[in-house]
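One structure is given here, and the rest of the page talks about it.
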Amino acid sequence: MATFDEGISETLSLLRRKGGMTRAEIVAETGLSRSAVNLRIDALLEARLVSGSARETVAKGRPAEVFSFNSERGKLLAADVGATKFRAGLCNLGGDVESEIELPSDVSAGPEILLTSIMKCFETFLAETGTNDDEILGIGLSLPAPVKRGSGMSVNPPIMPLWNRFDVPAWFGERFASPVFLEKDANAMAYGEARFSHPEADDLLLVKIGTGIGSGLIREGRLYRGADGAAGDLGHIPMTLPGDDEGPLCKCGNHGCLEARAGGWAILRDLREAGADVDSQDDLIAALAAGDPSAVQLARRAGQAIGTAVATAVNLLNPRVVVLAGHLVAAGGDHLLPAIRERVYSRSLPLATADLTIVASSLHPREGLVGLAHLVSDGILEPAQIGRLVERGPSD
Ligand SMILES: [Zn+2]
């Protein structure tokens, strides 16, 4: 027997998935009694998590009231942090980004400096939109680093050692009372793509190809983090190509990782070694956009290495959709994607590739923010958390 909070969370989840429904439709869909549905709807109405409106009458009789998820019940604050930039946003509960800004970031400088500039963005959103603190129902942050499952901390992050075990929820907790969710960047992106662009695919792999390389996995409709939260670390799998020795040194201290061959920082290193005058990811993006032959050749080579790793992942996990995201896909997708596709289709099992789709992200550059908004929204509306919102209803 479901508890009351489980019941209202389940009914709300149904309305979020299906759109507006009448009481009779909810009864028919769930098999619940009319009185149980009434109790749940009344609680959700009182908490303003759903709103009711009359549907046009079918034939004769009174118009039936249709109940829909009220995505304007509150706001969420989110920040998607990359190695060189972060994007902060104010979103509604439906994952719509209502205000946003992108600024340079230096994750290696440590958490205090970066979180302070993110907080400044959040304060600006609140001031500019006239949003009160009590309307903020949740906060989400994603990092280009492994996040220990359920801890709100990154553990031994290779490119940002000063963040090791820094308590992100506690830091935001000094300013906001709402729950704080910390997630690995590729996980947030995978969640956003799965919820927004590919809701029909229960099994999805997202590969982020930016300064570094990472991946996020949706398995049977849920984010798969592994036993500790380290699942999906595609960038640091060992990768040897024909003609190579142990391979270039990686930022994690090992040699020959995928990222040390094909990540944005590795391509930049190789482009510089080839004599090009480039020193940032923006320079690399500009070189790719201009069709610089060395940059294009390096991107194709990176695509082959990434494709080999993705083929392994496809053999192991059998996703329905592989989404490629990150600034190198946006800038150099024409060179990366064919190489990745060719490698995956020639190296993976026919059964795994027959219905496999490999696409570039359709949410770029917002895949991280949209994913965080959905993660936070789902997090605060799950049975264990929804009581906070129902208790805060106007009748209290
Ligand atoms: Zn590595």
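Both counts, for ligands and for their atoms, begin at 1 and track the order of listing.
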Around the Zn ion (ligand 1), list the protein N/O/S atoms within a radius below 2.8 Å, excluding water molecules. His236 ND1, Cys250 SG, Cys252 SG, Cys257 SG

Check: Gln281 side chain, Thr84 main-chain N or O, donor-acceptor pair, under 3.5 Å: no

Note: [X]-[Y] ion pair, threshold 4.0 Å (strictly below):
X	Y	result
Arg175	Glu123	yes
Asp378	Arg16	yes
Arg272	Asp283	no

Assess the side chains of Glu193 and Ser197: does a donor N or O sit below 3.5 Å from an acceptor N or O? yes

List in chain and number order the residues that pass side chain to side chain donor-acceptor pair (under 3.5 Å) with Asp106, two or more places apart in sequence or in another chain; answer none if no residue qualifies. Ser108

